[in-house]
Amino acid sequence: MTKVSNETRFLHAIEMGLGAWQWGDRVVWGYGQTHTDKDIREAFDVSLSLGIRFVDTAEIYGSGYSERLLGQFLKEIDQPVLVATKYFPWPWRITKGFIPRALKGSLERTGLESVDLYQIHWSSPLMSPETMMEGMVECVKRGWTRTVGVSNFGEKRMIQAYTTLARHGIPLASNQVHYSLLNREVEKNGTLARCKELGIRLIAYSPLEKGLLTGKYSSENPPPGVRGSQYVELLKRIPPVIKLLQEIGLNHGDKTISQVSLNWLICKGALPIPGAKNLQQAEQNAGGAGWKLTEEEVAKLDEATDHIREYSKT
Ligand SMILES: NC(=O)c1ccc[n+]([C@@H]2O[C@H](COP(=O)([O-])OP(=O)(O)OC[C@H]3O[C@@H](n4cnc5c(N)ncnc54)[C@H](OP(=O)(O)O)[C@@H]3O)[C@@H](O)[C@H]2O)c1
């Protein structure tokens, strides 16, 4: 039985969001070379016009530039946008007091009085989920965030966070984790099932496996930079998956490989937040929502990707 609390219900009503890691990040995403502020603005605008109203950023994206850019955009539009950002538990910031202080910085950069979702970016061996959540409770009490989430938390730490917040009458809104057709760890290790059981929204990051699930990359044409070396093995195994995605897309009025990949996540009960570098990518990704694959198609994609990588046994 799913128990979704009233405070977090809005997150369950969102089909898809927009990731903002690309906004200002040079190291992985080549900001300034492959895309500019103008491209990002166009991606943001087209997303909004196509009904995407949830943006995921973080204090570390572009060292604060992503939040600043979002703040600038928000001032220039008149539609409501739901904003999620994140606290990074650097080893020198491991007491609970750092969390509201960091959120204050995010609020200043975005120009907002409060965000809709404040997430812990990664778990840390130096900071317990209890300490993290005590800091988050303070953020809620000050009215600086509407809801609280975690990211990259395994099932055990997620439950610890959930339980600590519950003592304060606060629901754990979400767990943002790596989830795509090419990385189904959260299905295999029980995190997805546990989220559904507890009414925690599972937010799927890198839902296009950093561009691999668009069909434009192959072993002969790998993605640039760090992604190229990260995906050497996976690139060798994806051609049959790409072919199947293409075939399935044809059954739905020529949906693209990316759109079918994003829709598969929606069918699994996750909230994908694809990143986009320009208008064309954002426009295409928005078309991943608003329709549904059949159960048979989902099963076919499951079968095709079941053994695409090895999963740790938990
Ligand atoms: N919590 C965490 O630890 C964490 C970690 C990672 C990401 N995230 C969040 O999740 C969001 C999405 O994940 P991600 O950015 O890692 O990866 P992603 O969404 O899987 O891939 C995004 C990249 O794929 C390419 N792309 C996207 N749409 C495309 C399209 N329609 N056609 C062709 N290429 C397309 C673009 O790069 P190229 O054009 O260069 O190929 C784009 O930058 C991030 O922005 C961030 O908000 C969170």
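Read the numbers this way: they start at 1 and go in the same order the structure lists the ligands and their atoms. Just so you know, these numbers use all the heavy atoms, side chains as well, and skip hydrogens, waters and symmetry mates.
Listed by atom number, the atoms of ligand 1 under 4.0 Å from Ser258 heavy atoms are 31 (N). Numbered from 1 in the order shown, with element, the atoms of ligand 1 that lie under 4.0 Å from a heavy atom of Trp29 read 14 (P), 15 (O), 16 (O), 22 (C), 23 (C), 37 (O), 42 (C), 43 (O). Of all atoms in ligand 1, numbered sequentially from 1 with element shown, those under 4.0 Å from a heavy atom of Lys86 are 1 (N). Every atom of ligand 1 is numbered from 1 in the order shown, and the set under 4.0 Å from a heavy atom of Gln284 is 31 (N). Proximity to Arg227 (heavy-atom distance under 4.0 Å) selects the following atoms of ligand 1: 37 (O), 38 (P), 40 (O), 41 (O). Shown in contact with Tyr217 at under 4.0 Å from a heavy atom are these atoms of ligand 1, numbered in order with element: 38 (P), 40 (O), 41 (O). Atom numbering of ligand 1 starts at 1 in the shown order; those under 4.0 Å from a heavy atom of Gln176 are 1 (N), 2 (C), 4 (C), 8 (N), 9 (C), 48 (C). Atoms of ligand 1 lying under 4.0 Å from any heavy atom of Gly19, numbered from 1 in the order shown and given with element: 11 (C), 44 (C), 45 (O), 47 (O).
A side chain to side chain contact (heavy atoms under 4.5 Å, CB included) with Gln119 is found for exactly one of Asp56, Val148, Val150, Thr85, namely Asp56.
Annotation: cation-pi geometry satisfied between Arg41 and Phe73 (NZ/CZ under 6.0 angstrom from ring centroid, within 45° of ring axis). For the pair Arg101 and Tyr87, the cation-pi criterion (under 6.0 Å, within 45° of the ring axis) is not fulfilled.
The backbone of Ala20, and not its side chain, has at least one atom closer than 4.0 Å to an atom of ligand 1 (non-hydrogen atoms only; backbone = N, CA, C, O). At a 4.0 Å heavy-atom cut-off, ligand 1 touches Leu208 through backbone and side chain alike.
With salt bridges taken as basic N to acidic carboxylate O contacts below 4.0 Å, none links Glu209 and Arg184. A salt bridge is defined here as a Lys NZ or Arg NE, NH1 or NH2 lying under 4.0 Å from an Asp or Glu carboxylate O, and Asp25 with Lys277 fails to meet this definition.
Scanning the protein for heavy atoms near atom 3 (O) of ligand 1, the closest one is Asn152 ND2, 2.9 Å. Looking from atom 12 (C) of ligand 1 to the surrounding protein, the closest heavy atom is Ile273 O, 3.0 Å. Of all protein heavy atoms, the one lying nearest to atom 43 (O) of ligand 1 is Gln22 NE2, 3.0 Å. At the shortest separation from atom 44 (C) of ligand 1 among protein heavy atoms lies Trp21 CB, 3.6 Å. Nearest non-hydrogen protein atom to atom 21 (O) of ligand 1 is Lys210 CA, 3.4 Å. Among protein heavy atoms, the minimum distance from atom 6 (C) of ligand 1 is reached at Tyr205 CD1, 3.2 Å. The closest protein non-hydrogen atom to atom 13 (O) of ligand 1 is Ser206 N, 3.0 Å. Nearest non-hydrogen protein atom to atom 46 (C) of ligand 1 is Tyr61 OH, 3.4 Å.
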Steps toward side chain to side chain contact (heavy atoms under 4.5 Å, CB included) verdict (Ile40, His35): CA-CA 7 Å; Ile40 296 168; His35 56 301; 4.0 Å; yes
Phe54 vs Leu271, side chain to side chain contact (heavy atoms under 4.5 Å, CB included): CA-CA, chis, key distance, verdict: CA-CA 10 Å; Phe54 176 69; Leu271 158 52; 4.1 Å; yes
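Among Glu209, Gln281, His35, the residue whose heavy atom lies closest to atom 30 (C) of ligand 1 is Gln281. When the heavy atoms of Ser151, Gly275, Gly211 are ranked by distance to atom 27 (C) of ligand 1, first place goes to Gly275. Closest heavy-atom approach to atom 47 (O) of ligand 1 among the candidates Val55, Asn278, Ile257, Asp56: Asp56.
A donor-acceptor pair under 3.5 Å is absent between the side-chain atoms of Arg93 and the main chain of Phe98, judged by distance alone.
Annotation for Val81 and Leu74: closest pair CB-CD2, 3.7 Å, computed over non-hydrogen atoms. Contact detail for Ala102 and Glu59: the closest heavy-atom pair is CB-OE1, 3.8 Å. Nearest heavy atoms, Leu265 versus Pro272: CD1-CB, 4.0 Å.
The shortest N or O to N or O distance between Ala276 and ligand 1 is not below 3.5 Å.
A 6.0 Å sphere centred on CD of Gln79 holds more than 12 heavy atoms belonging to other residues, nucleotides or ligands. More than 12 heavy atoms of other residues, nucleotides or ligands lie within 6.0 Å of CD in Glu76, so this atom counts as buried by the packing criterion.
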